[in-house]
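Only one structure is covered here, and it is reproduced in the block below.
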There are 2 protein chains.
Amino acid sequence: MSRPKATRVSMADVAKLAGVSSQTVSRVANGHPSVVGSTRQQVLAAMKELHYRPNSAARALKSGQFRTIGVILFTLSSTGNSRTLEAIATHAALQGYAITLIPVAVPTQDSVLGAFTRLGELAVDGVIVIMEVHLLDAATVTLPPNVQVVVVDSDAGDRYAVVDTDQADGARQAVEHLLELGHRTVWHVTGPEESFAGERRTQAWRDTLTAAGREIPPPLRGDWSAESGYRAGLALADEPGCTAVFAANDQMALGVLRAMHERGRAVPADVSVVGFDDIPDATSFIPPLTTVHQDFAEVGRRCVEGILRQIDSGETGPGTALVPTRLQVRSSTAPPPPGR
Amino acid sequence: MSRPKATRVSMADVAKLAGVSSQTVSRVANGHPSVVGSTRQQVLAAMKELHYRPNSAARALKSGQFRTIGVILFTLSSTGNSRTLEAIATHAALQGYAITLIPVAVPTQDSVLGAFTRLGELAVDGVIVIMEVHLLDAATVTLPPNVQVVVVDSDAGDRYAVVDTDQADGARQAVEHLLELGHRTVWHVTGPEESFAGERRTQAWRDTLTAAGREIPPPLRGDWSAESGYRAGLALADEPGCTAVFAANDQMALGVLRAMHERGRAVPADVSVVGFDDIPDATSFIPPLTTVHQDFAEVGRRCVEGILRQIDSGETGPGTALVPTRLQVRSSTAPPPPGR
DNA sequence: CTGCGTAATGTTTACGTAAACATCAGCTCG
DNA sequence: CGAGCTGATGTTTACGTAAACATTACGCAG
């Protein structure tokens with residue numbers, strides 16, 4: 001480590017140039033009222049001349065606040081995570097907060113624990129966790145006491161504040177849409193086992209079919225990837241009774257579409273397909289995909305609001321906030337072929 | 001703002017419990033060699049008992065270094081940006097650096113300037129800019145002198161260190177692949193005008209055709225979205241001479257595929273399509289897409305390496321580093337139909 | 001016209017860390 | 001056997017900011 005030491009301009013420098021005390025400079029910088037106009041002008045001029053910028057480290061040391069929110073996440077490769085992160089960053093910036101990213105390479109308990117441990121040394125006032133959350137269980141103890149937490153995609157509503165898309169209602173809308181079109185039942189390609197979001201979508205699919213008194217076909221396990229949707233789709237294409245498929249996300253729906261296409265089963269004439277997420281590309285699938293729209297921006301906004309409320313009040317606020325979903329009907333769904 | 005004041009544990013507290021001076025605690029914390037084993041053990045035990053965590057604000061104030069890298073970006077909605085960001089975050093974490101996100105909501109010069117201004121107050125040692133960079137021109141002056149910069153996707157190699165995918169070579173590979181298959185010429189759906197990456201891909205497409213002595217069809221302007229690719233695709237489907245399309249990214253290629261499908265032009269039998277990026281979904285397009293693979297992880301890694309080198313040396317290092325691309329051949333390309 | 005309140009500004013101090021310097025004990029070497 | 005050195009630890013100080021307290025000066029009420 002060399003010492004470039006670009007001799008940062010401090011309040012003392014500004015004070016000297018303006019002929020006032022450094023405390024007056026501080027008052028001007030923080031908009032304190034009891035500074036007379038002429039003095040304020042002088043200080044502002046000096047600041048400008050020296051290109052003064054406050055030192056956030058010193059400020060944080062003094063105030064104990066960093067005006068920074070940490071975001072722990074496992075991956076950015078899913079549309080949902082990156083869109084949520086973007087919304088978080090945007091809203092945090094509006095409130096004058098910065099975002100520090102804490103990637104967890106492998107979603108093991110050890111690495112999550114490691115992330116939480118490092119957290120104590122990180123300059124953050126609060127943390128938003130975007131992750132399958134049963135990995136958090138053991139991490140609770142390590143949480144620094146003065147750091148607030150908001151969790152996305154979790155069932156930890158009893159311990160932390162949780163913000164999530166209303167997965168169950170979205171899945172219900174998807175399944176009911178297909179039943180209303182006249183399908184006897186709806187087949188399902190699930191997300192990975194360890195995903196709470198996926199679990200909840202699957203549960204709601206099952207519940208909706210049960211409530212309607214329909215038969216429940218065996219679900220096919222996917223892992224969110226288009227590839228896994230394709231494999232499931234190949235299996236479904238060979239099921240003669242399958243006329244409607246609910247894929248737990250749009251990527252897997254894309255895979256199902258390809259499988260149906262390759263096996264010569266027309267969508268939506270022979271088989272209807274519904275996805276979940278409403279990624280931008282979904283409008284250009286073949287055919288354009290009917291899917292459940294998630295409002296990631298709203299999720300991000302509520303996360304920031306929640307964490308800031310906690311930081312300001314100093315109180316953790318367990319409880320779950322659900323962001324509603326909306327079914328976006330496009331061209332991949334239709335009534336079943338006659339005779340079914 | 002209330003004062004929760006969870007009375008953080010400081011070195012002094014640890015020192016008192018361990019019966020040593022705070023300086024000795026500091027030495028243990030930083031792995032300084034001249035602390036005898038028994039003392040070290042005592043201090044470590046005290047740290048553990050009190051759950052001591054170093055205060056990064058104080059450390060930063062003392063050292064002038066934050067061990068943090070700022071990343072300025074316009075949007076996370078493009079695959080490239082979010083994948084690059086992820087790689088940056090991962091590699092920075094490996095080096096003990098945190099990432100601070102600085103989103104710029106609207107890509108105007110004003111807001112970029114604003115981001116750079118706020119930067120001076122932010123606790124960062126260096127900045128990575130992921131953005132169309134002609135917006136940076138006016139921002140140069142505002143850059144705090146002790147903050148290093150690395151830029152992605154830019155032609156600013158004369159002023160900043162630039163890391164980028166070898167756009168030109170990737171586009172060349174795509175076009176040559178199509179020519180080698182026997183196509184007379186290659187049509188092109190471009191990215192948005194203001195994108196350097198897009199510009200470079202278009203230029204290389206033109207150059208490659210020129211070098212091969214082929215006719216250069218008028219390029220169709222897109223905006224990276226699948227929707228825009230679809231519109232371009234509809235136009236291309238009506239061009240009887242069009243047997244090969246190079247789309248400047250995979251999303252637009254998806255749109256082209258849909259347009260061809262709707263107009264009854266088979267891919268690849270009637271028309272070949274090549275994309276750019278190799279997003280994960282590309283394997284599940286109908287048909288699986290031949291595309292230029294970008295190594296975003298490598299781009300991110302080199303960004304971090306570059307910025308850390310600059311931080312350590314205290315010197316800016318202009319110059320451009322190019323990350324190679326690779327053509328990933330799948331099923332969307334084939335020789336042109338006979339008679340063309 | 002004198003004393004007191006108040007508004008404007010200055011001075012002191014503390015935040016937690018770590019570099020620089022100071023001290024002390026034990027050991028080597030002449 | 002003692003001077004000097006070395007290694008372990010303690011003490012002082014500074015980083016830049018802002019709260020708390022101190023000091024002016026001025027105006028107004030008694």
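Since the model is a prediction, treat every value here as computed from it, not as a measurement. In what follows, chains carry the letters A, B, and so on, assigned in the order in which the sequence lines appear, proteins first and then strands, with residues in each chain numbered from 1. Just so it is clear, the values below take in all heavy atoms, side chains as well, and ignore hydrogens, waters and symmetry mates.
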In whole Å, I'd like the distance from the [atom1] atom of [X] to the [atom2] atom of [N].
X       : N      : atom1 : atom2 : value
B:Tyr52 : C:dG16 : OH    : P     : 10 Å
A:Gln65 : D:dA19 : CD    : P     : 12 Å
A:Met11 : D:dA14 : CE    : C1'   : 17 Å
A:Leu61 : D:dA14 : CG    : C1'   : 12 Å
A:Lys16 : C:dG10 : NZ    : P     : 15 Å
A:Asn55 : D:dA14 : CG    : C1'   : 13 Å

(request) Indicate, yes or no, whether a donor-acceptor pair under 3.5 Å links the base of C:dA8 to the side chain of A:Gln23. (result)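 Check fails, no donor-acceptor contact within cut-off.
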(request) Classify the side chain of B:Arg27 versus the base of D:dG10 as yes if they form a donor-acceptor pair under 3.5 Å and no if they do not. (result)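 Yes, the side chain and the base share a sub-3.5 Å donor-acceptor pair.
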(request) Please identify each residue that fulfils salt bridge (charged side-chain N to carboxylate O under 4.0 Å, His left out) with B:Arg301, with sequence neighbours left out. (result)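 Partners of B:Arg301 by the salt bridge (charged side-chain N to carboxylate O under 4.0 Å, His left out) criterion, ordered by chain and then number, come out as B:Glu298, B:Glu305.
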(message) So A:Asp125 and A:Ile69, do their side chains get closer than 4.5 Å, heavy atoms only?
(response)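 No, their side chains stay 4.5 Å or more apart.
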(message) Any heavy-atom pair between the side chains of B:Ile311 and B:Tyr97 that's under 4.5 Å?
(response)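 With C-beta onward as the side chain, the pair touches.
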(message) Could you work out, with side-chain contact (heavy atoms from CB on, under 4.5 Å) as the rule, every residue matching A:Leu17, not counting sequence neighbours?
(response)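 Checked A:Leu17 against side-chain contact (heavy atoms from CB on, under 4.5 Å); matches are A:Ala46, A:Glu49, A:Leu50.
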If you check the [X] side chain, which of [options] turns out closest?
X       : options                : result
A:Lys62 : C:dT17, C:dT11, D:dA19 : D:dA19
A:Pro54 : D:dT17, C:dG10, C:dA18 : D:dT17
B:Thr24 : D:dT9, C:dT9, C:dG16   : D:dT9

(request) Take B:Gly19 and B:Ala58, find for each the nucleotide of DNA chain D with the closest heavy atom, and name the residue whose nucleotide sits nearer the 5' end. (result)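 On the 5' side of the pair lies B:Gly19.
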(message) Any residue in residues 29-38 of chain A with a heavy atom nearer than 4.0 angstrom to DNA chain C? Just list them by number, or reply none.
(response)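 Hits under 4.0 Å, by residue number: A:Ser34, A:Val35, A:Val36.
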(request) Could you tell me whether the phosphate oxygens of C:dT9, OP1 or OP2, come under 4.0 Å of any side-chain nitrogen or oxygen in A:Thr39? (result)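 Checking A:Thr39 against C:dT9: at least one side-chain N or O falls below 4.0 Å of OP1 or OP2.
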